[in-house]
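It should be emphasised that the depicted structure is a prediction, and the values quoted were computed from it without experimental measurement. In this chain, residues are counted from 1 in sequence order.
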Amino acid sequence: MRQILPFFLLVSFMYSYSQINLEKQFQDIEPKVIEWRRHFHENPELSNREFKTSEKIALHLKSLGLEVQTGVAHTGVVGLLKGKFPGKVIALRADIDALPVTERNDLPFKSTVTTTFLGAETGVMHACGHDAHTAILMGVAEILTKYKDKISGTVKFIFQPAEETPPPGEEGGSRLMIKEGVLEGPKVNAIFGLHIRSGVPVDELHYKPGGAMAAVERFVIKVKGKQTHGSEPWNGIDPILISAKIIDGFQTIISRESELINEAAVISIGKITSGVRFNIIPESAELIGTVRTLDPDMKEHILRRMTEMTETIATAYGGSATISFTNETAITYNDEQLVSQMLPSLIKVAGATHVKQIKAETIGEDFSYFQELVPGFYFYLGGMTKGNTVAFPHHTPDFYIDESGLLLGVKALTQITFDYLKQ
């Protein structure tokens, strides 16, 4: 007993001392995180073009003495923190790219950057919070580096480009990072990430075990008809009519064939192109849209039925049509065991009443490809000012987040790292 008690007291003292120091570190890092976030917000860069963004990240990681790899998946940065003792490898990921959106906010650090995107002049804006994610992870890296002598294991900081999908004809995002070995050397045991949400209060963390965000498929339908004068439709085959029937048919797949009591599913058409003049029935039409699913079996059924309907409906009206799919993201699937294991870490930093389980959402996230290979946990961080009931959505010119919520993100990822490696 005399040997055990002093050791127990020593461990308890070290843990308490560490916690006191950690709170001081959090206080010191908050203004830096806000400054970094404002810099990235004012200087946004599009997918696969995040050159200055990655340069600033790399300089920071190198200043901490980390092993730094640049040029991963074009513009990605990976930092490696090796603890004093052997152990597991944990990866923390932040996305760094902005969107082709012209900002309408009246902020002192408002983006005035403009560019040409797919042939059109547009502004560039961090309209989804990736500037916040990047700044948060830079802060986490700085804090953890100061405690590397107490860490058993390795921390891999992944700053990922092109989450918003790379430009047409280019590879990018998490899939290219994986292809280039980001989850290897050393092999990652678990990966974590967060996403700030403009509609979630700043003191809250939201999560969903299992399927949390949807698999996203982009589809293109090409309809072939027969051109004729608009006054004589009987002499042609109307591809616009066929397109309308296909769209109508697709909605019955969701409303009549999909078990929506199990998981949600969505088919949406975002673009229709056909014709050049009011009095000409055109020869062809093109439809572009998206499918969102949260269950692999439902996804397989929906894609199969869309293919069947496209072909048979077009044939029934005398024309022809083909459909092709491009996978944009997999299901963002939070490993249930990992969520259960790490949920106490979120409660430690936010409090039990501020950590809430939510329903799945039909947005997509390419963090999902990491989760196909290693257990992962992706959760939401609040970014809405307390007391607000209305927030501007992501991907809009008025998107806004409250910077007072950033520190909770730093605390959450830091606590997760300590707790996971300790286990």
Legend entry - Stepwise side chain to side chain contact (heavy atoms under 4.5 Å, CB included) test for T122 and V101: CA-CA 7 Å; T122 180; V101 174; 5.9 Å; no
For a quick test of your reading: what N or O donor-acceptor pairs under 3.5 Å do the side chains of residues 400-408 make, sequence neighbours left out?
{"residue": "D402", "atom": "OD1", "partner": "S404", "partner atom": "N", "Å": "2.9"}
{"residue": "D402", "atom": "OD1", "partner": "S404", "partner atom": "OG", "Å": "2.8"}
{"residue": "D402", "atom": "OD2", "partner": "T385", "partner atom": "OG1", "Å": "2.8"}
{"residue": "E403", "atom": "OE1", "partner": "R38", "partner atom": "NE", "Å": "3.1"}
{"residue": "E403", "atom": "OE1", "partner": "R38", "partner atom": "NH2", "Å": "2.8"}
{"residue": "E403", "atom": "OE2", "partner": "R37", "partner atom": "NH1", "Å": "3.1"}
{"residue": "E403", "atom": "OE2", "partner": "R38", "partner atom": "NE", "Å": "3.1"}

Inset, instruction - Compare all side-chain heavy atoms of V124 with those of L46 and state whether any distance is below 4.5 angstrom. - result: yes
Inset, instruction - Would you mind checking if K110 and E42 are paired as a salt bridge, meaning a charged N to carboxylate O distance below 4.0 Å? - result: no
Inset, instruction - List the steps, then state whether side chain to side chain donor-acceptor pair (under 3.5 Å) holds for S47 with R49. - result: CA-CA 5 Å; S47 301; R49 304 293 184 270; over 6 Å; no
Legend entry - Pairing of K52 and E45 as salt bridge, 4.0 angstrom limit: no
Legend entry - For T332 against E365, the heavy-atom pair lying closest together: OG1-O, 3.4 Å
Inset, instruction - Look up atom OG1 in T290 and atom CD in E217, then write down how far apart they are to the nearest 0.5 Å. - result: 8.0 Å
Inset, instruction - Describe, in one word, how the ring planes of F370 and F367 are oriented to each other, choosing from parallel (under 30°), tilted (30 to 60°) and perpendicular (over 60°). - result: perpendicular
Legend entry - Minimum heavy-atom distance between K148 and K82, given as atom pair plus value: CB-O, 4.3 Å
Legend entry - Ion pair check, E300 and R305, cut-off under 4.0 Å: no
Inset, instruction - Could you tell me whether K299 and D297 make a salt bridge, using a distance below 4.0 angstrom between a side-chain N and a carboxylate O? - result: no
Legend entry - Least distance between heavy atoms, P44 atom then A98 atom: CB-CB, 3.5 Å
Inset, instruction - Ignoring hydrogens and angles, state whether a donor on the side chain of N262 or E259 is under 3.5 Å from an acceptor on the partner side chain. - result: yes
Legend entry - salt_bridge(R304, E311) N-O dist < 4.0 Å: no
Legend entry - Test applied, side chain to side chain contact (heavy atoms under 4.5 Å, CB included); reference residue, M177; option that passes from D366, V182, L183: V182
Inset, instruction - Evaluate the criterion side chain to side chain donor-acceptor pair (under 3.5 Å) for residue pair Y420 and Q415; output intermediate values, then yes/no. - result: CA-CA 8 Å; Y420 179 81; Q415 191 68 54; over 6 Å; no
Inset, instruction - Verify whether one side chain among Q371 and N334 offers a donor that lies under 3.5 Å from an acceptor in the other. - result: yes
Inset, instruction - For residues F379 and F377, establish whether the separation of their ring centroids is below 6.0 Å. - result: yes
Legend entry - Full working for salt bridge (charged side-chain N to carboxylate O under 4.0 Å, His left out) between E286 and K222: CA-CA 5 Å; E286 182 181 73; K222 294 184 181 297; 2.6 Å; yes
Inset, instruction - Among E204, K356, K208, H206, find the residue that satisfies the side chain to side chain contact (heavy atoms under 4.5 Å, CB included) test when tested with Y380. - result: H206
Inset, instruction - Using a strict cut-off of less than 4.0 Å between a Lys/Arg side-chain nitrogen and an Asp/Glu carboxylate oxygen, indicate whether E171 and K179 qualify as a salt bridge. - result: yes
Legend entry - Validation row, ring centre H394 to ring centre H195 under 6.0 Å: yes
Inset, instruction - Under the side chain to side chain donor-acceptor pair (under 3.5 Å) rule, what do N235 and T228 come out as? Steps first, then yes or no, please. - result: CA-CA 6 Å; N235 287 330; T228 186; 4.7 Å; no
Legend entry - Note, R218 side chain near F325 side chain (heavy atom, < 4.5 Å): no
